[in-house]
Amino acid sequence: MANFDTLRIRAGYDSKDHNYAVSVPIYQTASFDLGSVDRAKSLWALDEQAGIYSRVGNPTVSAFEERIAALDHAHSAVALSSGMAAISYTILSLTEGGGNIVAPRALYGGTEDSFSNFFPRFGSTIKFVDNRFDPESYEELIDDKTRGIYIETISNPNAEIYDIEAIAEVAHRHDIPLIVDNTVATPYLINPFDHGADIIVYSATKAIGGHGNTIAGIVEESGKFFYSEELFPQFYEKSHKIRNRIGESRSAFDIDPKGPLVIHLRAFYLEFIGAALSPFSAFLLLQGVETISERVDKQTRTAEKLVKYLEGRKEVEWVKHPSATNSPFKELADKYFPKGAGYLFTFGFGGTERQLNEFIQHLKYFSYHVNIGDVRSLIVNSPKTTHAELDEERLERAGINENTVRISVGLESPEDLIKDLDDAFNAVFSR
Ligand SMILES: *Cc1c(COP(=O)(O)O)cnc(C)c1O
């Protein structure tokens, strides 16, 4: 297989199949002609993989799915209309019938809140670990209803890193998959499948699209995890809906024993809950992914410079990023993130809430809005915005303080960004 930088440009698309169009065309159509009754039969039997109806498949969306799958060497992938759809579909499908998932509390705000307060309504519970950096802590919570372990490869917002391989080992000892949210890291900084992850979920809204213009998500599976019938009977249930050409009911496992989750998601979750990605969004994401290496690389280098700068300011109480001087994640970062640990970090603002508000107002080149991985640099006061849904106790357990400020570094000149921060500190603290 070609290298990453070739795949992010070439994978998932052959112009010969699309009127020799160089750029992936936007198939802005709800439905596709079936051609003939016989062809319709093969389409429904999944013998021929082509468009039927854009809720469950569309060529522009497929090109995006195949491209991201190629970057992670995934067996299969399904794109969805948001990162939250990717997470919800994955958790709900794995825990069908009352299963649970083991996870840390330090998660993207929406993930933490849905894990705590929303999925349990459907009988899918989350068991939160006490010591998220200790693999044994995960193992202690696994019971006969546990259907997976869930972590973020680089956590949002504090850029924490787990020993992914050690946690994968725990999951595999119990025949359950390790699911990772690789949104912050992106396929450029790490391939979680190389370190034992079995399922990857992304918010493609963030650094995959990279330009802050599209909401999207994707779920991938490695093709290496064996879902046992005892723990995952839903993948073995025969359904007329996914019958073969001669009308015999099949299970997701019958269709693809290496990737039953993606089959199950497409045939049931996408079909019936319907968080379909639009072809136009897929086009924007494909455009974004063509420059992912240069973007994430520069954003990571600039983040390292900003971390250094902030560590030198007396108004900054601490900086959390694996490149920070006293980071406890240096060793894990060396092992899992040789290209650097990304463009997202937090710092403790050493002033009053009013001073922080003034500081944010004063910045010219850091937008005050909630996104990450954008070409624009962004700043937010996490406890009041991205993690505002967490109460005090949950904030504390997620490692978020009253004065936590999160920065996602964009592609502006690092010198201008540092000067911008400098001017804002000087303006606020000279009064
Ligand atoms: C933004 C984000 C999500 C949610 O994705 P949406 O595309 O906004 O639905 C999930 N996980 C992480 C780490 C995120 O940053």
Side-chain angles (χ1 to χ4, degrees), residues 61 64 68 77-92 101 103-116 118-119 126 132 150-162 164 179-190 192 197 199-220 269-270 273-278 281-282 284-285 288-289 296 299 303 320 337 341-346 367 369-374 376 378-380 382 385-390 398-400 404 406-410:
V61 174
F64 170 67
I68 302 300
V78 55
L80 298 163
S81 61
S82 71
M84 281 317 298
I87 293 166
S88 302
Y89 281 16
T90 301
I91 298 300
L92 291 173
I101 297 285
R105 257 218 206 266
L107 295 165
Y108 169 70
T111 307
E112 202 278 0
D113 205 27
S114 60
F115 279 18
S116 295
F118 187 66
F119 298 138
I126 313 296
R132 59 184 176 272
Y150 182 103
I151 58 169
E152 293 177 357
T153 49
I154 296 180
S155 77
N156 180 355
N158 285 325
E160 295 172 341
I161 299 173
Y162 299 95
I164 303 166
I179 308 127
V180 301
D181 179 338
N182 200 37
T183 300
V184 175
T186 81
Y188 175 74
L189 292 177
I190 189 174
I199 300 164
I200 305 179
V201 295
Y202 285 106
S203 166
T205 311
K206 313 293 169 51
I208 286 181
H211 294 73
N213 55 21
T214 315
I215 302 284
I218 187 164
V219 181
E220 302 174 327
Y269 285 71
L270 198 47
I273 312 183
L277 184 65
S278 89
S281 294
L284 292 172
L285 298 166
V289 87
V296 174
Q299 287 170 243
K320 289 183 185 167
F337 296 95
Y343 48 82
L344 186 76
F345 64 87
T346 54
S367 309
H369 68 235
V370 295
N371 187 13
I372 59 168
D374 193 329
R376 281 155 284 264
L378 315 166
I379 191 163
V380 285
S382 298
T385 53
T386 56
H387 288 71
E389 56 270 44
L390 274 62
I400 297 168
T404 293
R406 185 190 76 181
I407 283 183
S408 172
V409 179

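Each ligand, and each atom within it, is numbered from 1 in the order the structure gives.
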Which atom pair, heavy atoms only, marks the closest approach of Y162 to P104?
OH-CG, 3.5 Å
Taking all heavy atoms of S155 and all of L344, pick out the closest pair and write down the distance.
O-CD2, 4.1 Å
Has the side chain of Y150 got a donor or acceptor atom that lies under 3.5 Å from a matching backbone atom of I126?
no
Less than 4.5 Å apart, any side-chain heavy atom of R406 and any of I372?
yes
Parallel, tilted or perpendicular, judged at 30° and 60°: which one describes the rings of H387 and Y108?
perpendicular
Residues in salt bridge (Lys or Arg N to Asp or Glu O under 4.0 Å) with D374, at least two apart?
R376
Show the short N or O contacts, below 3.5 Å, that ligand 1 makes with protein N or O atoms; if there are none, say 'none'.
{"residue": "ligand 1", "atom": "5 (O)", "partner": "S203", "partner atom": "OG", "Å": "3.0"}
{"residue": "ligand 1", "atom": "7 (O)", "partner": "G83", "partner atom": "N", "Å": "2.9"}
{"residue": "ligand 1", "atom": "7 (O)", "partner": "S203", "partner atom": "OG", "Å": "2.8"}
{"residue": "ligand 1", "atom": "7 (O)", "partner": "T205", "partner atom": "OG1", "Å": "2.6"}
{"residue": "ligand 1", "atom": "9 (O)", "partner": "G83", "partner atom": "N", "Å": "3.1"}
{"residue": "ligand 1", "atom": "9 (O)", "partner": "M84", "partner atom": "N", "Å": "2.8"}
{"residue": "ligand 1", "atom": "11 (N)", "partner": "D181", "partner atom": "OD2", "Å": "2.7"}
{"residue": "ligand 1", "atom": "15 (O)", "partner": "N156", "partner atom": "ND2", "Å": "3.2"}
{"residue": "ligand 1", "atom": "15 (O)", "partner": "K206", "partner atom": "NZ", "Å": "2.7"}

